[in-house]
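None of the values given here were measured: they were computed from a predicted structure. Numbers restart at 1 for each chain; the letters A, B, ... are given by sequence-line order, proteins then strands.
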Amino acid sequence: MTIKIYNTLTRKKEELETLEPGIVKMYVCGPTVYSKAHVGHAMSAMVFDIIRRYLEYRGYEMRYLMNFTDVDDKIIARANAQGADPFQLAEGYIRDYEQNLSDLNIKPATFNPRATQEIDQIIEMIAGLVEKGYAYPVDGDVYFRVTKDEDYGRLSGRKIEDMQAGSRIDIDDRKEHPMDFALWKAARPGEPAWESPWGKGRPGWHIECSAMNLHHHGEQIDIHGGGNDLVFPHHENEIAQTESLTGKPFARYWVHNGMLQLGGEKMSKSTGNLVSIEEFLSNYSADTLRFTVLNANYRGPLTFNDDVLAQSENALNRLASGFRPALPGAKGATVDVLASLAKQVEETQTSFINNMDDDFNSAGALGSLFDLVRVINQARTSGATNEELQPAQGKIRELTSVFGLVLAETKGSESQADAFIDLLLDLRASLRKDKLWAYSDLIRDRLKELGVTLEDSKDGTTWRWD
RNA sequence: GGCGACGUGGCCAAGUUGGCAAGGCAAGGGUCUGCAAAACCCUCAUCACGAGUUCGAGUCUCGUCGUCGCCUCCA
């Protein structure tokens, strides 16, 4: 079985063949840290977390870089507006973001490079491009010469000529061509700056990712990821810079996640159409967002609203229902039931892998997980014991972990309250025996208020924390 | 204006070598039950529209309408 990945570069699904056997070098563009991150960033990080977890599950060693852009116009502008130091400002938002990722149960990247810590490599790269004739300095700026790069535009499917007509690009007479982009920006008064062969200045936006990849991954990588809003110009420019310098194909697979839609529009920092991760997590769980992401194709736009989130919460409850223990008095299921349970475990495993191998079709894979939940619940209803349910429940646990879902199992077995709750249940059983419904319902209602849900069946009562 | 993606039941959504349309949520009916809850069982779509290719199309081609993204900072 082979894993297929949709490659933006070729607009086709391609089989995953890594540069080095068993190792995946992945780079994902992280945020520019000038404000709190929003749920759109969370979606992107989650998509690549799911890809990362799945590839690990399939036996690959992941070398995963996600960067922080910690110096740019907006950070400087924001810092100046607040009278703050831009580096400290960025540092604070980086810590916030790392906390966000942790709260969202997103595994940390292998390493998080930062633009400001790669200045030497950036300067070295720019110098190399200037030397090869792919870049030219003007008044302390350095620009990339797009006309020198024959296949510029191939990732985004654009032609340089097409983009000139009707474009909103500022005409800068100092540039040879309007599409030439800055690799290095000359320092203006009051801005952070580093010494360079072209005078004091700071890196342009695109060059940092190229330099970090070159520095930490090497000339070629397997997967380069990011939001599809980065395809042009950011990733296009990364390709131009890196490949012009190395003469080798940069990333084998370009993977882009779709945009999260809030009110029918892209969630975006610059337009203020956003919900921060913090805000989201004060109302919903990390699993809720993760399920919502998993339930759709990562490449398409993601519908995000309270209605969809509520559906996800209910769906998660159903998924978790598979973990419930055997019914009181379970005497064991029939051979037929156990056979169909075992069969479904196999089918779910196969279907999960087949779907995920096919460009990470998590929604399809989820479907097979729900199939297994149904069969587990059927088995339980027909009297399966905990021992009989265990293998199937273990499979659900295994596969949902690959997705990064937490699905907190009915907590409570470690609680000191257990003995008291059992005591109340004993008392209530006596009351019910005497048909004192008012008292028995009172106990059930009051426990519900305390977060303990009781469920009666003819063979006894079960309880769980909700 | 240019480039690209998409349009599947009330909602979310899978479905790319074309062959009787996954799954979840919601809804209705039923089983169980003192009641409640949960679970289980049953019911609920011909795939934006039009034309074409084909024995056969949601799945290919063309057109129309609509939505979204990029072309400026953006996950």
Side-chain angles (χ1 to χ4, degrees), chain A residues 4 6 8 11-13 28-32 34 37-48 66 69 72-74 153 156-159 161-170 179 205 225-234 236 256-261 264-271 291-292 295-297 299-305 307-319 321 324 327 351 355 358-359 361-371 373-374 376-382 432 435-437 440-441 444-445 448 453-458 462 464:
Chain A
K4 281 192 255 171
Y6 182 87
T8 306
R11 306 192 187 285
K12 283 189 306 218
K13 285 183 193 173
V28 175
C29 290
T32 301
Y34 70 93
H38 59 68
V39 188
H41 297 106
M43 175 200 176
S44 183
M46 220 164 232
V47 162
F48 290 100
M66 191 207 73
T69 299
D72 97 325
D73 293 344
K74 284 184 181 161
S156 54
R158 291 155 209 265
K159 298 192 189 86
E161 313 84 67
D162 291 345
M163 286 185 290
Q164 285 181 268
S167 75
R168 289 169 279 178
I169 302 160
D170 290 337
M179 291 308 296
W205 175 38
N228 68 13
D229 53 350
L230 296 181
V231 172
F232 188 91
H234 186 54
E236 194 70 72
H256 294 99
N257 63 276
M259 294 294 101
L260 192 144
Q261 301 295 121
E265 278 179 21
K266 171 184 159 189
M267 185 174 286
S268 169
K269 264 201 281 204
S270 51
T271 58
F291 185 91
T292 307
N295 192 40
N297 184 297
R299 283 189 277 125
L302 183 72
T303 307
F304 181 88
N305 56 48
D307 200 35
V308 164
L309 294 169
Q311 289 181 21
S312 292
E313 288 187 326
N314 290 334
L316 283 163
N317 283 336
R318 168 142 188 94
L319 212 44
S321 76
R324 297 207 183 137
L327 298 175
S351 170
N355 276 297
D358 183 12
D359 194 34
N361 181 357
S362 51
L366 266 182
S368 69
L369 244 33
F370 280 107
D371 288 339
V373 167
R374 186 183 344 100
I376 289 173
N377 288 341
Q378 284 169 344
R380 184 191 304 99
T381 299
S382 72
R432 292 184 71 214
K435 300 193 191 301
L436 295 169
W437 308 124
S440 103
D441 289 352
R444 183 172 64 195
D445 293 346
K448 181 77 181 171
T453 299
L454 302 192
E455 286 171 6
D456 297 322
S457 74
K458 63 176 184 297
T462 58
R464 64 171 184 275

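Once rounded to the nearest 0.5 Å, the distance linking CD of A:Q261 with OG1 of A:T303 reads 7.0 Å.
Nucleotides B:rG58 and B:rU54 place their C1' atoms 16 Å apart, quoted to the nearest Å. Look at the P atom in both B:rU17 and B:rU61: the space between them is 14 Å, to the nearest Å. Comparing B:rA48 with B:rC40, their C1' atoms sit 38 Å apart, to the nearest whole Å. Look at the C1' atom in both B:rC11 and B:rG2: the space between them is 35 Å, to the nearest Å. Using atom P as the reference point in both B:rC12 and B:rU8, the two lie 8 Å apart (nearest Å). Rounded to whole Å, the separation between the C1' atoms of B:rU59 and B:rU46 comes to 13 Å. Taking atom C1' on both nucleotides, B:rA27 is separated from B:rA45 by 15 Å, rounded to a whole Å. Nucleotides B:rC62 and B:rC3 are separated by 14 Å at their P atoms, to the nearest Å.
Along RNA chain B, the nucleotide nearest A:L302 and the nucleotide nearest A:G226 are compared for position; the residue whose nucleotide lies closer to the 5' end is A:L302. Residue whose closest nucleotide on RNA chain B sits further toward the 5' end, between A:V39 and A:G367: A:G367.
In this structure, A:G30 reaches the sugar-phosphate backbone alone: every heavy-atom distance under 4.0 Å involves primed, P, OP1 or OP2 atoms, never a base. If you check every strand for non-hydrogen atoms under 4.0 Å, A:S440 touches a base. No contact: A:D358 has no heavy atom under 4.0 Å from any strand. Backbone-only engagement by A:N361 is indicated by non-hydrogen atom pairs under 4.0 Å involving sugar-phosphate atoms exclusively. Across all strands shown, A:H38 has heavy atoms under 4.0 Å from base atoms, whether or not it also approaches the sugar-phosphate. As judged by a 4.0 angstrom heavy-atom cut-off over every strand, A:D73 is placed among residues making no nucleic acid contact. Within 4.0 Å of A:L260, counting heavy atoms only, lies at least one base atom of the nucleic acid. Within 4.0 Å of A:V308, counting heavy atoms only, lie sugar-phosphate atoms of the nucleic acid but no base atom. Backbone-only engagement by A:Q261 is indicated by non-hydrogen atom pairs under 4.0 Å involving sugar-phosphate atoms exclusively.
An OP1 or OP2 oxygen of B:rU16 is reached within less than 4.0 angstrom by no side-chain nitrogen or oxygen of A:K12.
In this entry the distance linking CZ of A:F232 with C1' of B:rG2 reads 12 Å, nearest Å. Separating the CZ atom of A:F304 from the P atom of B:rA13 is a distance of 13 Å, rounded to the nearest angstrom. The nearest whole Å value for the distance from the CG atom in A:D445 to the P atom in B:rC35 is 16 Å. In this structure, A:N305 places its CG atom 8 Å from P of B:rC12, rounding to the nearest Å. Atom P of nucleotide B:rG15 and atom NZ of A:K4 are separated by 12 Å, given to the nearest angstrom. As a whole-Å value, the separation of A:L230 CG from B:rA75 C1' is 6 Å. B:rC70 atom P lies 8 Å from atom CE of A:M259, rounded to whole Å.
At a cut-off of 3.5 angstrom, counting only N and O atoms as typed in the model, there is no donor on one side facing an acceptor on the other between the side-chain of A:K458 and the base of B:rC32.
Judged by distance alone, with hydrogens and angles left aside, the side-chain atoms of A:K269 form a donor-acceptor pair with the main-chain N or O of A:T32 at under 3.5 Å. Counting only distance, with no hydrogens or angles, the side chain of A:N355 and the backbone of A:S351 share a donor-acceptor pair below 3.5 Å. No side-chain donor-acceptor contact under 3.5 Å links A:S44 to the backbone of A:G40.
Which of B:rC12, B:rA14, B:rA75 sits closest to the side chain of A:N295 comes down to B:rC12. Closest approach to the A:T303 side chain among B:rA13, B:rC25, B:rC70 is made by B:rA13 (side chain taken as heavy atoms from C-beta onward). Residue A:H41 places its side chain closer to B:rA75 than to any other of B:rG34, B:rC71, B:rA75. With distances taken from any side-chain atom of A:K269 to the nucleotides B:rA75, B:rG34, B:rA26, the minimum falls on B:rA75. The nucleotide whose nearest atom lies closest to any side-chain atom of A:N314 is, among B:rA75, B:rA26, B:rC35, B:rA26.
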Item to complete: Please step through salt bridge (charged side-chain N to carboxylate O under 4.0 Å, His left out) for the pair A:K448 and A:D445, ending with a clear verdict.
Response: CA-CA 5 Å; A:K448 181 77 181 171; A:D445 293 346; over 6 Å; no
Using nucleotides 36-39 of chain B, report all nitrogen or oxygen pairs with the protein that are shorter than 3.5 Å.
residue, atom, partner, partner atom, Å
B:rA36, N6, A:D456, O, 3.1
B:rA36, N1, A:D456, N, 3.2
B:rA36, N3, A:R444, NH1, 2.9
B:rA37, N1, A:D456, O, 3.3
B:rA38, O4', A:E455, OE2, 3.2
B:rA38, O2', A:R324, NH1, 2.5
B:rA39, O3', A:N377, ND2, 3.3
B:rA39, O2', A:T381, OG1, 2.7

Please list each protein N or O that sits under 3.5 Å from an N or O in nucleotides 3-10 of chain B, with the distance.
residue, atom, partner, partner atom, Å
B:rC3, O2', A:S156, O, 3.3
B:rC3, O2', A:G157, O, 3.2

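B:rA39: Watson-Crick or G-U partner is B:rU31, with both key distances under 3.5 Å. Checking B:rC25 for Watson-Crick or G-U wobble geometry (two distances, each under 3.5 Å) identifies B:rG10 as its partner.
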